[in-house]
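Mind having a look at this structure? Questions to follow.
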Amino acid sequence: MLQVPYLRENTEKALSSLAKRNKDFSATVESIISVDESRRKLQNELDNLLAESNKISKIIGDLFKEGKREEADGMKARTTEIKEECKGVETNLSQLEEELKQLLYLVPNVPHESVVFGKGAEENEVVYSSGDITALGESKLPHWELCEKHKLIDFELGVKITGAGFPVYIGKGARLQRALINFFLEEAMKAGYTEHQVPHLVNEASGYGTGQLPDKEGQMYHVGVDDLYLIPTAEVPLTNLYRDVLLKEEQLPIKLTGYTPCFRREAGSYGKDVRGLNRLHQFDKVEIVQLSKQEDSYALLEDMVNHVKGLLNKLELPFRILRLCGGDMGFTSSLTFDFEVYSAAQERWLEVSSTSNFETFQANRLKCRYKGADGKTQLVHTLNGSALALPRIVAALLENHQDENGVRIPQALVPYCGFERI
RNA sequence: GGAAAGGUGGGUGAGUGGCUGAAACCAACAGUUUGCUAAACUGUCGUACGGGAAACUGUACCGGGGGUUCGAAUCCCCCCCUUUCCGCCA
């Protein structure tokens with residue numbers, strides 16, 4: 001959620017940046033500013049009424065002590081009057097506050113200056129690419145066929161016990177999952193991230209904290225009886241560890257990592273793009289999260305991008321990095337880099353990581369702040385990235401490293417797997 | 001699921017309807033002392049929204065929401081959460 005004073009003082013700048021999202025927010029922002037102005041006016045009115053009432057109450061108290069009971073009783077009339085007036089003002093005020101909140105929920109984060117205008121995914125900029133597109137022979141197979149051939153994943157079984165999008169990993173397929181999770185966690189640990197095992201269900205407040213609520217309510221599985229949500233990413237519990245927290249400057253940056261399964265309803269997506277491992281309702285992911293001082297966040301974003309680069313290089317996968325254009329960027333993000341791995345057998349790019357700086361957008365709702373050297377309290381910047389999500393990595397590994405004898409496991413992963421080939 | 005006890009500032013924790021935005025202690029910050037560190041001493045020290053160039057100042061906030069009262073952290077009602085005991089259980 002953006003901060004009203006920011007919008008008020010930087011209206012032009014905010015609007016021109018927001019326009020990069022290929023949507024016009026000027027009407028909403030204008031409403032925010034004008035509603036807030038009315039709000040402040042009413043607040044002032046109320047404050048003055050209350051100030052008067054407080055003053056009178058104090059005098060009455062003093063009169064009572066002096067035993068001037070009648071004089072005191074005489075003053076009560078005015079406070080009753082004030083109370084009536086306050087009621088009206090309060091009602092209007094809370095209405096305006098609610099209105100303001102709803103309006104603020106509509107405005108996404110202001111894109112970073114490096115973000116370009118764009119309507120959608122086609123306009124994302126490739127800012128880096130690494131590795132050659134793997135040349136595969138005629139016998140190349142997509143991962144879903146490789147999975148069947150080598151008995152790594154049984155999609156049908158998953159359908160039976162749960163439904164589509166809930167695969168069952170078997171044998172070397174299961175061990176590969178475990179190996180990847182451990183590999184990613186170890187690498188994150190070496191890079192200074194502290195591993196956390198967090199709950200896989202979160203409450204409503206956490207959903208609001210990181211911005212999944214109210215914007216993406218339908219994307220999360222909701223456990224009605226207990227009013228809890230299954231996490232769509234470890235970002236939610238990890239970042240919310242620092243909800244309502246006042247940090248000291250020297251504690252920053254805070255670097256967190258964790259493995260969790262992720263649950264996404266993915267309502268409305270069907271077809272060939274979601275075949276096999278390309279899109280699932282449940283998948284595994286290792287997430288990295290940072291909380292930082294405002295002035296450091298973009299350097300740290302760079303570090304996170306480099307960390308993910310390192311992982312993909314060790315897995316010997318060809319990939320590219322995209323800087324998302326305004327139209328394709330998530331609601332809460334200021335700047336996002338997507339990582340895509342080329343899948344030679346499917347002949348398409350698969351998104352395997354999304355690494356973003358949210359600046360103060362999440363921190364504002366989270367109320368995660370720190371006290372700077374100057375004694376001033378300010379919001380932290382939050383960042384996160386997938387490092388990495390498993391299913392498409394598995395797809396890419398299987399497809400890119402297949403040969404006539406099966407599938408080769410990249411060297412870096414062998415110690416974690418315990419086998420060199422599938 | 002049943003019973004009981006609790007929820008107060010960055011932390012611990014007092015708090016009799018008005019002198020309580022809130023004692024005390026810890027932490028933090030500034031200073032004095034000191035060869036350095038430590039200790040000791042002195043002072044400062046909550047958050048949010050307003051007004052003001054500033055000093056300063058108004059209001060709100062003691063889990064959340066209502067109510068009683070001229071006046072509520074304090075009394076009443078509802079809700080939420082935590083802890084402990086019992087039950088169930090990996």
Side-chain angles (χ1 to χ4, degrees), chain A residues 1-9 32-104 197 199-209 213 222-229 237 240-252 254 261 291 293 360 363-380:
Chain A
M1 196 159 55
L2 292 171
Q3 298 164 89
V4 181
Y6 167 80
L7 285 174
R8 194 171 56 218
E9 285 152 32
I32 287 173
I33 291 170
S34 82
V35 168
D36 181 60
E37 205 170 312
S38 318
R39 197 212 95 230
R40 275 152 58 213
K41 223 168 140 189
L42 273 189
Q43 181 73 60
N44 215 288
E45 221 173 285
L46 181 66
D47 283 357
N48 290 334
L49 284 173
L50 289 171
E52 189 184 346
S53 167
N54 284 345
K55 220 180 261 169
I56 296 174
S57 289
K58 204 153 209 174
I59 296 172
I60 292 176
D62 291 341
L63 287 175
F64 267 122
K65 250 175 265 167
E66 291 165 29
K68 298 174 180 167
R69 197 175 186 99
E70 277 173 31
E71 208 173 319
D73 283 338
M75 299 191 74
K76 287 183 187 177
R78 176 60 188 148
T79 51
T80 332
E81 207 178 292
I82 292 174
K83 216 156 63 170
E84 278 310 304
E85 268 181 80
C86 281
K87 252 182 204 156
V89 179
E90 264 168 6
T91 314
N92 291 338
L93 186 62
S94 60
Q95 251 170 36
L96 284 179
E97 278 168 353
E98 180 60 27
E99 202 179 320
L100 184 64
K101 197 174 82 183
Q102 293 305 327
L103 284 168
L104 281 168
Q197 286 202 18
H200 299 166
L201 284 97
V202 293
N203 56 27
E204 196 184 23
S206 296
Y208 275 98
L213 294 174
H222 182 225
V223 183
V225 254
D226 296 301
D227 197 18
L228 294 171
Y229 294 86
N240 271 284
L241 295 174
Y242 289 89
R243 171 154 49 84
D244 292 321
V245 168
L246 182 59
L247 294 159
K248 290 171 202 150
E249 189 176 24
E250 60 267 26
Q251 287 177 270
L252 298 170
I254 288 169
L291 308 180
K293 291 195 270 186
T360 59
N364 189 27
R365 276 200 219 173
L366 283 167
K367 287 210 204 73
C368 178
R369 296 156 302 168
Y370 67 102
K371 222 168 212 151
D374 55 358
K376 271 199 184 150
T377 305
Q378 48 197 330
L379 295 167
V380 300

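Excluded from the calculations below are hydrogen atoms, water molecules and symmetry mates; all remaining heavy atoms, backbone and side chain alike, are included. Every chain is numbered from 1 and lettered A, B, ... according to where its sequence line falls, protein lines coming before strand lines.
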Legend entry - Nearest-nucleotide 5' precedence on RNA chain B, A:Lys87 against A:Ile60: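 With A:Lys87 and A:Ile60 compared, the 5'-side residue is A:Lys87.
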Inset, instruction - State, with a plain yes or no, whether a side-chain heavy atom of A:Leu379 is found less than 4.5 Å away from one of A:Lys367. - result: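 Contact flag for A:Leu379/A:Lys367 side chains = no.
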Legend entry - Between B:rC79 and B:rA90 - C1' atom distance, rounded Å: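 Those two atoms are separated by 32 Å.
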Inset, instruction - Pick the P atom in B:rU59 and in B:rA73, then give their distance to the nearest Å. - result: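 So the two P atoms sit 14 Å from each other.
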Legend entry - Atom pair distance, as rounded to whole Å: CG in A:Asp36 and P in B:rC49: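 Going from CG in A:Asp36 over to P in B:rC49 covers 10 Å.
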Legend entry - Greater than 12 external heavy atoms within 6.0 Å of A:Glu9's CD: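 Atom CD in A:Glu9 is packed in, count exceeds 12.
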Legend entry - Nearest-angstrom distance from the residue atom CG of A:Leu50 to C1' of B:rC61: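 After rounding, the reported distance stands at 13 Å.
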Legend entry - Identity of whatever pairs with B:rA23 - Watson-Crick or G-U, under 3.5 angstrom: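 For B:rA23, the partner nucleotide comes out as none, under the 3.5 Å rule.
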Inset, instruction - With the side chain of A:Lys83 defined as its heavy atoms from C-beta on, choose the nearest nucleotide among B:rG58, B:rA27, B:rU69. - result: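 Of the options given, the side chain of A:Lys83 lies nearest B:rU69.
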Legend entry - Nearest-Å distance for atom pair CD1/P, residues A:Ile56 and B:rU69: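 For the pair A:Ile56 CD1 and B:rU69 P, the rounded distance is 17 Å.
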Inset, instruction - For atom CD of A:Glu52, decide whether the heavy atoms of other residues, nucleotides or ligands shown that lie under 6.0 angstrom number more than 12. - result: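 Count over threshold, so yes.
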Inset, instruction - For B:rG31 versus B:rA39, give the span between their C1' atoms, rounded off to a whole number of Å. - result: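 Each nucleotide's C1' atom is 16 Å from the other's.
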Legend entry - Distance below 4.0 Å between A:Thr377 side-chain N/O and B:rU47 OP1 or OP2: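 Yes, because at least one side-chain N or O of A:Thr377 sits under 4.0 Å from OP1 or OP2 of B:rU47.
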Legend entry - Span that lies between the P atom of B:rG46 and that of B:rC29, in whole angstrom: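 Rounded to whole Å, the distance is 16 Å.
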Inset, instruction - Please round to the nearest 0.5 Å and tell me the distance separating atom CE of A:Met75 and atom OG1 of A:Thr80. - result: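 It is 11.5 Å, given to the nearest 0.5 Å.
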Legend entry - Upstream residue (5' side of RNA chain B) when A:Thr79 and A:Lys248 are each assigned their closest nucleotide: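 Residue closer to the 5' terminus by nearest nucleotide: A:Lys248.
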Inset, instruction - Starting at atom CG of A:Asp62, determine the distance to atom C1' of B:rG18, rounded to an integer number of angstrom. - result: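 To the nearest whole Å, that distance equals 8 Å.
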Inset, instruction - Check step by step if salt bridge (charged side-chain N to carboxylate O under 4.0 Å, His left out) holds for A:Asp36 and A:Arg40. - result: CA-CA 6 Å; A:Asp36 181 60; A:Arg40 275 152 58 213; 3.4 Å; yes
Legend entry - Nearest-angstrom distance, P atom, B:rC75 to B:rU83: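 That atom pair is separated by 25 Å.
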Inset, instruction - Pick out which of A:Arg365, A:Glu99, A:Met1 makes a side-chain contact (heavy atoms from CB on, under 4.5 Å) with A:Leu104. - result: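 The option that passes is A:Met1.
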Legend entry - Base paired to B:rC85 (Watson-Crick or G-U; both N/O distances under 3.5 angstrom):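 By the stated definition (distances under 3.5 Å), B:rG2 pairs with B:rC85.
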Inset, instruction - Pick base, sugar-phosphate or nothing for A:Arg39, based on heavy-atom distances below 4.0 Å to the nucleic acid. - result: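 Since only primed, P, OP1 and OP2 atoms lie under 4.0 Å of A:Arg39, the category is sugar-phosphate.
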Inset, instruction - Compare the minimum distances between each of B:rG58, B:rG51, B:rU47 and the side chain of A:Asn44, then state the nucleotide with the smallest one. - result: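 Comparing B:rG58, B:rG51, B:rU47 against the side chain of A:Asn44, the answer is B:rG51.
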Legend entry - Side chain of A:Asp47 - closest among B:rU59, B:rA48, B:rG71: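 Minimum distance to the A:Asp47 side chain belongs to B:rU59.
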Legend entry - Complementary nucleotide of B:rA53, counting Watson-Crick and G-U pairs under 3.5 Å: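 Here B:rA53 is not engaged in any pair, so there is no nucleotide opposite it.
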Inset, instruction - Verify the contact: side-chain N or O of A:Asn54 to OP1 or OP2 of B:rU59, cut-off strictly under 4.0 Å; return yes or no. - result: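 For B:rU59, OP1/OP2 do have a side-chain N/O of A:Asn54 under 4.0 Å.
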Inset, instruction - In whole angstrom, give me the gap between the C1' atoms of B:rC49 and B:rG13. - result: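 Taking atom C1' in both B:rC49 and B:rG13, they lie 29 Å apart.
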Legend entry - Short side-chain N/O contact from A:Lys76 to OP1 or OP2 of B:rG71, under 4.0 Å: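 So the side chain of A:Lys76 is outside the cut-off, no N or O lying under 4.0 Å from OP1 or OP2 of B:rG71.
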Legend entry - For B:rU42, the Watson-Crick or wobble counterpart (both distances under 3.5 Å):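 Partner of B:rU42: B:rA30.
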Inset, instruction - Could you state the atom-to-atom distance from CZ of A:Arg40 to C1' of B:rC49 in whole Å? - result: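 A:Arg40 atom CZ is separated from B:rC49 atom C1' by 10 Å.
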Inset, instruction - Hunt down the Watson-Crick or G-U wobble partner of B:rU16, both distances under 3.5 Å, from any strand shown, or write none. - result: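 None - no nucleotide pairs with B:rU16, as no candidate has both distances under 3.5 Å.
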Inset, instruction - Determine the interatomic distance between P on B:rG11 and the same-named atom on B:rU16; round to the nearest Å. - result: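 After rounding to an integer number of Å, I get 22 Å for this pair.
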Inset, instruction - Please determine if a side-chain N or O atom of A:Arg8 lies less than 4.0 Å away from the OP1 or OP2 oxygen of B:rG50. - result: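 Yes, because at least one side-chain N or O of A:Arg8 sits under 4.0 Å from OP1 or OP2 of B:rG50.
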Inset, instruction - Measure from CZ on A:Arg78 to P on B:rC70 and round the result to the nearest Å. - result: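 Going from A:Arg78 (CZ) to B:rC70 (P), I get 16 Å.
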Inset, instruction - For the residue pair A:Asn54 and A:Ser57, confirm or rule out a side-chain donor-acceptor distance under 3.5 Å. - result: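 No donor-acceptor contact under 3.5 Å links the two side chains.
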Legend entry - Partner nucleotide of B:rC36 by Watson-Crick or wobble geometry (both distances under 3.5 Å):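 Base partner found: none.
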Legend entry - Atom pair CD/OH of A:Gln251 and A:Tyr370 - distance to nearest 0.5 Å: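 Taking CD in A:Gln251 and OH in A:Tyr370, the distance rounds to 12.5 Å.
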Legend entry - Assigned partner base of B:rA72, Watson-Crick or wobble definition, under 3.5 Å: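 Pairing partner: none.
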Inset, instruction - Identify the nucleotide, in any strand shown, that forms a Watson-Crick or G-U wobble pair with B:rG7, with both distances under 3.5 Å; if there is none, say none. - result: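 Checking every strand shown, B:rG7 finds its partner in B:rC80, with both distances under 3.5 Å.
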Inset, instruction - Starting from P on B:rA60, measure out to CD on A:Glu52 and report it in whole angstrom. - result: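 Those two atoms, CD and P, are 13 Å apart.
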Legend entry - B:rU12 to B:rG50 separation - P atoms, rounded to the nearest Å: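 After rounding to an integer number of Å, I get 31 Å for this pair.
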Legend entry - Value in whole Å for how far the P atom of B:rC49 lies from CG of A:Asn48: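 Interatomic distance, CG of A:Asn48 to P of B:rC49: 18 Å.
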